[in-house]
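The next block holds one structure in the form of structure tokens; read it before the comments.
In what follows, chains are A, B, ... by sequence order, proteins preceding strands, each numbered from 1.
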2 protein chains.
Amino acid sequence: MAGELEIDIDRSSPVPLYHQVAQAFEQAIREGALAPETKLDNEIDLAKRYHVSRPTLRQAMDKLVRDGLVVRRRGVGTQVIGPRVRRSLKLSSLYNDLQESGAQPRTSVLTLETVTAEDEVRDRLGLAPGTEVYHLRRLRSIDGQCLGIMENYLPLSVGTLTGAALERDGLYNVMRRQGSDFQMAHQTVGATVATAAQADLLGISPGSPLVTVQRTALDSAGTAIEFGDHVYRADLYSYETTLMNH
Amino acid sequence: MAGELEIDIDRSSPVPLYHQVAQAFEQAIREGALAPETKLDNEIDLAKRYHVSRPTLRQAMDKLVRDGLVVRRRGVGTQVIGPRVRRSLKLSSLYNDLQESGAQPRTSVLTLETVTAEDEVRDRLGLAPGTEVYHLRRLRSIDGQCLGIMENYLPLSVGTLTGAALERDGLYNVMRRQGSDFQMAHQTVGATVATAAQADLLGISPGSPLVTVQRTALDSAGTAIEFGDHVYRADLYSYETTLMNH
DNA sequence: AAGTGGTCTAGACCACTGT
DNA sequence: CAGTGGTCTAGACCACTTG
């Protein structure tokens with residue numbers, strides 16, 4: 001019932017207050033310091049305790065709700081959600097993929113060239129006919145096991161790409177360093193079966209199931225900066241999400 | 001450049017103001033009344049025009065950003081995002097599935113029984129060993145084509161389920177009518193290939209690719225009220241999402 | 001320097017839940 | 001009924017981008 005929690009709020013930090021508060025709660029929940037089913041104190045008391053205004057504290061709670069760590073009910077209160085539904089079923093998450101792309105264990109570049117964009121690629125990236133784009137094919141592996149084949153198309157305006165930089169830092173880190181910071185991405189996840197060529201690269205049998213991911217990434221101006229068409233071994237990869245009703 | 005937009009705000013409506021504003025903008029964008037790349041007026045002017053406070057207007061804009069309709073940049077402004085990245089690639093979306101579950105064209109119930117929950121199901125639903133649960137198998141089709149096989153497990157406490165009600169109204173509508181309103185769901189999307197039995201039901205060849213979806217749905221108290229294990233034809237089904245960087 | 005969105009405050013009233 | 005989260009206001013200051 002308590003929900004006591006010591007938080008060091010650094011008001012001189014550039015990190016927003018609501019973010020500091022949300023992060024402290026998230027850490028406490030993930031570490032188990034706040035057990036599932038625990039009822040937190042009400043918003044007004046929490047705001048007083050951490051010396052922030054109620055709207056600021058609410059902003060933090062909104063974040064926890066969106067991240068699926070906590071449930072709020074009007075007239076009742078705020079409760080920590082059980083860990084059962086937070087547990088992962090399989091391996092890596094596509095979301096982490098996006099945010100920590102460079103941190104993945106191992107990526108080898110198979111192809112790095114510039115080509116004239118085909119229609120679908122042109123359309124996705126919003127380019128004029130005949131425009132040249134980067135075409136990139138990479139093999140991602142984890143603990144020596146091949147996980148998937150990643151194919152990317154990027155406008156030349158993202159800067160200079162080299163195989164060495166890509167293998168060392170990952171695509172998104174290379175792009176960020178050159179000033180292309182992505183803001184959002186649209187994705188389509190589906191399924192297919194491995195062709196002979198794919199099976200050969202991945203070390204599996206033809207006809208094995210593959211998870212397909214198509215992604216269009218946009219920068220903060222809403223301009224498309226990358227189109228990706230990826231396949232992953234279904235036995236090593238799945239895509240996880242949390243859906244909210246509001 | 002204008003971004004003018006007539007909105008009827010009904011202050012006596014139970015619908016929150018920020019929701020009314022956001023919905024008006026969303027409709028205008030989807031209908032094309034606000035063209036892509038259009039720059040909206042600044043927050044303060046918009047707040048004045050619609051006679052709401054700036055925080056309320058910001059709450060509406062936050063929603064548009066989360067839904068991927070609009071991009072904001074500090075010091076620059078707010079822009080409508082191009083439709084290119086909003087376009088669907090394939091058929092139905094799992095998100096709509098959740099929110100409009102009863103509205104799907106056709107669902108036939110193959111199995112409706114109560115069984116003793118297996119370990120995985122018990123774990124997902126947070127039930128004690130030996131507990132009885134509903135076991136439900138349905139075939140979903142669209143325009144006479146079989147789309148997928150849906151298998152669900154539910155605690156008996158959700159109420160009475162009948163095949164007729166399920167086929168007429170859909171699972172979530174039946175549950176809602178009996179007081180089980182879901183708040184959030186965790187999902188895992190992956191791939192597999194059709195077994196002979198699955199292929200037979202779906203009218204495809206064994207070995208064809210299938211999209212797999214496992215879903216645990218929670219009510220507003222954080223209690224698990226449904227576990228679903230579904231497969232869909234990969235040529236008719238894919239899963240779409242928008243990822244935000246923050 | 002001017003204009004934008006990002007953050008924050010200190011209140012207020014309401015709708016809903018439990019007793 | 002008292003307590004909770006949900007909504008809303010009218011300001012304020014700051015960080016960032018653009019000219």
Exercise. Do T216(B) and E226(B) meet the criterion of a side-chain donor-acceptor pair at a distance under 3.5 Å?
Worked result: no
Problem set entry | Residue R72(B), side-chain atoms from C-beta onward, closest of dC8(C), dA10(D), dG5(C) | dG5(C)
Exercise. Taking only side-chain nitrogens and oxygens of T56(B), does any of them come within less than 4.0 Å of OP1 or OP2 of dT7(D)?
Worked result: no
Exercise. dC14(C) P sits how many Å from R11(B) CZ, rounded?
Worked result: 13 Å
Seminar exercise, completed: Its dot-bracket string being built from Watson-Crick and G-U pairs below 3.5 Å, with | for another strand and [ ] for crossing, DNA chain D has the pattern .|||||||||||||||||.
Exercise. Between dG6(D), dG5(C), dT9(C), which one does the side chain of V52(A) approach most closely?
Worked result: dT9(C)
Exercise. Atom CE of M61(B) and atom P of dT7(C): how far apart are they, to the nearest Å?
Worked result: 16 Å
Exercise. To the nearest Å, how far apart are K48(B) NZ and dT4(C) P?
Worked result: 10 Å
For this session: To the nearest Å, give me how far apart CG (L40(A)) and P (dT4(D)) are.
Result: 12 Å
Seminar exercise, completed: Which of R54(A), K48(A), R74(A), R49(A) passes salt bridge (charged side-chain N to carboxylate O under 4.0 Å, His left out) with E43(A)? It is R54(A)
For this session: Taking only the side-chain heavy atoms of Q59(A) (C-beta and beyond), determine which of dT7(C), dC8(D), dT18(D) contains the nearest atom.
Result: dT7(C)
Exercise. Starting at CG of L57(A) and ending at C1' of dG11(C), how long is that distance when rounded to a whole Å?
Worked result: 16 Å
For this session: Compare the minimum distances between each of dG6(D), dT7(C), dT18(D) and the side chain of E43(A), then state the nucleotide with the smallest one.
Result: dG6(D)
For this session: Quick one: sort the Y153(B) and F227(B) rings into parallel, tilted or perpendicular, breaks at 30° and 60°.
Result: parallel
Seminar exercise, completed: Q79(A) atom CD is separated from dT4(D) atom C1', nearest whole Å, by 13 Å
Problem set entry | Member of R138(B), H135(B), R215(B) meeting the side-chain hydrogen bond (donor to acceptor under 3.5 Å, both in side chains) criterion with N152(B) | R138(B)
For this session: Go through dT7(D), dG6(C), dA10(D) for me and flag the one nearest to the P55(B) side chain.
Result: dA10(D)
Seminar exercise, completed: Whole-Å distance, I44(B) CD1 to dC14(D) C1', equals 13 Å
For this session: Select one nucleotide: of dC16(C), dG5(C), dT9(C), the one nearest the side-chain heavy atoms of R54(B).
Result: dG5(C)
For this session: Would you please confirm or rule out a distance under 4.0 Å between OP1 or OP2 of dG11(C) and any side-chain N or O of S53(A)?
Result: no
For this session: Look at the side-chain N and O atoms of T78(B) and state whether any lies under 4.0 Å from the OP1 or OP2 oxygen of dG5(C).
Result: yes
Exercise. Is the distance from OP1 or OP2 of dT4(D) to the nearest side-chain N or O of N42(A) less than 4.0 Å?
Worked result: yes
For this session: Considering just the side-chain nitrogens and oxygens of Y18(A), establish if one lies under 4.0 Å of OP1 or OP2 belonging to dC8(C).
Result: no
For this session: Starting at atom NE2 of H19(A), determine the distance to atom P of dC8(C), rounded to an integer number of angstrom.
Result: 11 Å
Problem set entry | Candidates dT18(D), dT7(C), dA15(C) - which lies nearest the side chain of R74(A) | dA15(C)
Exercise. When rounded to the nearest 0.5 angstrom, what is the spacing between CG in L69(A) and CE in M61(A)?
Worked result: 11.0 Å
For this session: Among D41(B), V52(B), V21(B), find the residue that satisfies the side chain to side chain contact (heavy atoms under 4.5 Å, CB included) test when tested with L46(B).
Result: D41(B)
Problem set entry | From dC8(C), dG5(C), dT7(D), nucleotide with atom closest to P16(B) side chain | dT7(D)
Exercise. Can you tell me how far the CD atom of Q59(A) sits from the OG atom of S53(A), to the nearest 0.5 Å?
Worked result: 9.0 Å
Problem set entry | Pair T116(A)-E132(A), side-chain donor/acceptor within less than 3.5 Å | yes
Exercise. Base, sugar-phosphate alone, or nothing: which one does R58(B) contact when heavy atoms must sit under 4.0 Å apart?
Worked result: base
